[in-house]
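Remarks on the structure that follows.
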Amino acid sequence: MRVVSWNIHWGCGKDGRIRIHAVIDVLRKLNPDVICLQEVAGNHPELEGSATASQFKQLAGAFGGYHMIEQAPSEIYKNNLPRQFGNILLSKYRITQAQRHMLPWPADPLHPSGMPRGMIETVLEAPGGKLRVLTTHLEYYSPLQRRAQVRRIRELHREACTRAQIYQSEPELDPPFQLGFRPGSAIFCGDFNFAPDAEDYQELVAPVEPDTLRLLDAWRVRHGDMARAPTAGLHGFPWPEQPACYDYFFVTEDLAARVNEVNVQSETAVSDHQPIVLDLV
């Protein structure tokens, strides 16, 4: 099972031109089973390069053999037309559940503007059984908001693990109640906007209650203390000031033995972030 996560920067390269077809080409070469994308835009002409098209529709059309879940936490209306910005999850595997979580966005006097953030959660019929795959893009500017979002992710994960332990089918209920089993086992991925030595990182991977599966950094599972490959700051983009790691895969502890490889695709300059790849056996 191969999962790719990538903040595509709405396909805008360092020359300021949008090339969604180049994003699609990179993804097709990687040949993932699950694709998780952040910073997907629709009808945003004011963005660099003028993202006037619906990239949600473009990507869905390019990967017709996949099932798509989209989420636009930022949705602004101009002349009754939605300008969307958010996340996409595409899966070759059957999706049995999908939830679009809005993450906390507390008022921060130091950062009074900003953008709401969200997380897509899916349950997939993956090799080895049902598995949750979740993708998100956390706050960059406001530490207060990012910390609240990290804590909400932990809360949602704890909820899923607890519900998995008590789940039993209730066929007498109406169809909307028949969501089926939602496992604790999970892959979390995306642009978390924190460094590996940050307090937010430490909080996300901190020990949990005995009935909750702990989240592990898949890079550390596979590579131990080896220097981490940067996921942003390559190819001459003005941000960040130097190469850094903001993009991750976190897996539940029961999946650790299945982590075969985690790597960063450093070659492409289509986005200011690099695609990251997780292979499970």
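Counting begins at 1 with the first residue of the sequence.
A salt bridge links Glu203 with Arg147: the closest approach of a Lys/Arg side-chain nitrogen to an acidic carboxylate oxygen falls below 4.0 angstrom. A salt bridge between Arg2 and Asp279 is present, with a side-chain N of the basic residue lying under 4.0 Å from a carboxylate O of the acidic one. Ion pair Glu155/Arg158 not flagged as a salt bridge, since none of the NZ, NE, NH1 or NH2 atoms sits closer than 4.0 Å to an Asp/Glu carboxylate oxygen. A salt bridge links Arg117 with Glu139; the closest basic N to acidic carboxylate O contact falls under 4.0 Å.
Partners of Tyr93 according to the ring pair (Phe, Tyr, Trp, His ring centres under 6.0 Å) rule, which considers only residues two or more places apart in sequence or in another chain, do not exist here. In this structure Trp105 satisfies the ring pair (Phe, Tyr, Trp, His ring centres under 6.0 Å) test with no other residue, sequence neighbours excluded. With sequence neighbours excluded, no residue satisfies salt bridge (Lys or Arg N to Asp or Glu O under 4.0 Å) with Glu267. Among residues two or more places apart in sequence or in another chain, the side-chain hydrogen bond (donor to acceptor under 3.5 Å, both in side chains) test is passed with Thr212 by none. For His235, the ring pair (Phe, Tyr, Trp, His ring centres under 6.0 Å) test picks out no residue, with sequence neighbours left out. With sequence neighbours left out, Ser5 forms a side-chain hydrogen bond (donor to acceptor under 3.5 Å, both in side chains) with Gln38. Every residue was checked against the side-chain hydrogen bond (donor to acceptor under 3.5 Å, both in side chains) condition with Arg222, not counting sequence neighbours, and none meets it. In terms of the salt bridge (Lys or Arg N to Asp or Glu O under 4.0 Å) criterion, residue partners of Arg83 (sequence neighbours excluded) are, by chain and number, Glu46. For Phe56, there are no ring pair (Phe, Tyr, Trp, His ring centres under 6.0 Å) partners two or more places apart in sequence or in a different chain.
Taken to the nearest 0.5 Å, the OG1 atom of Thr135 stands 11.0 Å off from the CD1 atom of Ile187. Separation of atoms CG (Leu90) and CD1 (Ile95) is listed at 8.0 Å; rounding is to 0.5 Å. Remark: Thr268 OG1 to Gln274 CD distance equals 6.5 Å, nearest 0.5 Å. In this structure, Leu280 CG and Phe249 CZ are separated by 9.0 Å, a value rounded to the nearest 0.5 Å.
Listed by first and then second residue, the side chain to side chain donor-acceptor pair (under 3.5 Å) pairs that reach into residues 162-181 come to none, sequence neighbours excluded. Annotation: ring-ring contact (aromatic ring centres under 6.0 Å, His included) contacts involving residues 127-165, sequence neighbours excluded, comprise Tyr140-Trp239, His157-Phe188. For residues 17-32, the side chain to side chain donor-acceptor pair (under 3.5 Å) pairs, not counting sequence neighbours, are Asp15-Arg19, Asn31-Lys92.
Follow the hydrophobic side-chain contacts under 4.5 Å out from Val277 and you never reach Phe250; the two are in separate clusters. Tyr248 and Leu138 end up in the same hydrophobic cluster when Ile, Leu, Val, Met, Phe, Trp and Tyr side chains are linked at under 4.5 Å. Under a hydrophobic-cluster definition in which Ile, Leu, Val, Met, Phe, Trp and Tyr are linked whenever side-chain heavy atoms come within less than 4.5 Å, directly or via other members, Leu134 and Ile35 are assigned to different clusters. Placement of Val150 and Leu156 within a single hydrophobic cluster is found when ILVMFWY residues are connected by side-chain heavy-atom separations under 4.5 Å, directly or transitively. Cluster membership for Met115 and Phe194, using ILVMFWY side-chain heavy atoms within less than 4.5 angstrom, is not shared.
Thr122 places a side-chain N or O within 3.5 Å of a backbone atom of Val133 that can act as its donor or acceptor partner. Within the 3.5 Å criterion, the main-chain N or O of Lys130 finds no donor-acceptor partner in the side chain of Glu125. Side-chain atoms of Arg214 never come within 3.5 Å of backbone atoms of Glu209 as a donor-acceptor pair (strictly under, hydrogens ignored). Of the possible donor and acceptor atoms, none in the side chain of Ser74 sits under 3.5 Å from a partner among the backbone N and O of Pro116. Counting only distance, with no hydrogens or angles, the side chain of Ser91 and the backbone of His67 share no donor-acceptor pair below 3.5 Å. Proximity of a side-chain donor or acceptor of Glu121 to a complementary backbone N or O of Arg132 within less than 3.5 Å is not detected. In terms of modelled atom types and a separation under 3.5 Å, the side chain of Gln55 and the main chain of Ala41 share a donor-acceptor contact. No donor-acceptor pair closer than 3.5 Å links the side chain of Asn87 to the backbone N or O of Gln71. A donor-acceptor distance shorter than 3.5 angstrom exists from the side chain of His223 to the backbone of Val262, with no hydrogens or angles considered. One N or O on the side chain of Thr136 and one on the backbone of Gly118 form a donor-acceptor pair closer than 3.5 Å.
Annotation for Ala98 and Ile69: closest pair CB-CD1, 3.8 Å, computed over non-hydrogen atoms. When all heavy atoms of Ala164 and Gly184 are compared, the pair lying nearest together is CB-N, 3.7 Å. Shown here for Pro196 and Gln202, the closest heavy-atom pair between the two residues is O-NE2, 3.7 Å. Nearest heavy atom pair, residue Arg228 against residue Cys245, reads CD-SG, 3.1 Å.
Annotation: side chain of Trp6 is in contact with side chain of Val270 (closest heavy-atom distance under 4.5 Å). Contact check for Trp219 versus Met226: side-chain heavy atoms found under the 4.5 Å cut-off.
Between Tyr201 and Phe192, the ring center distance fails the sub-6.0 Å criterion.
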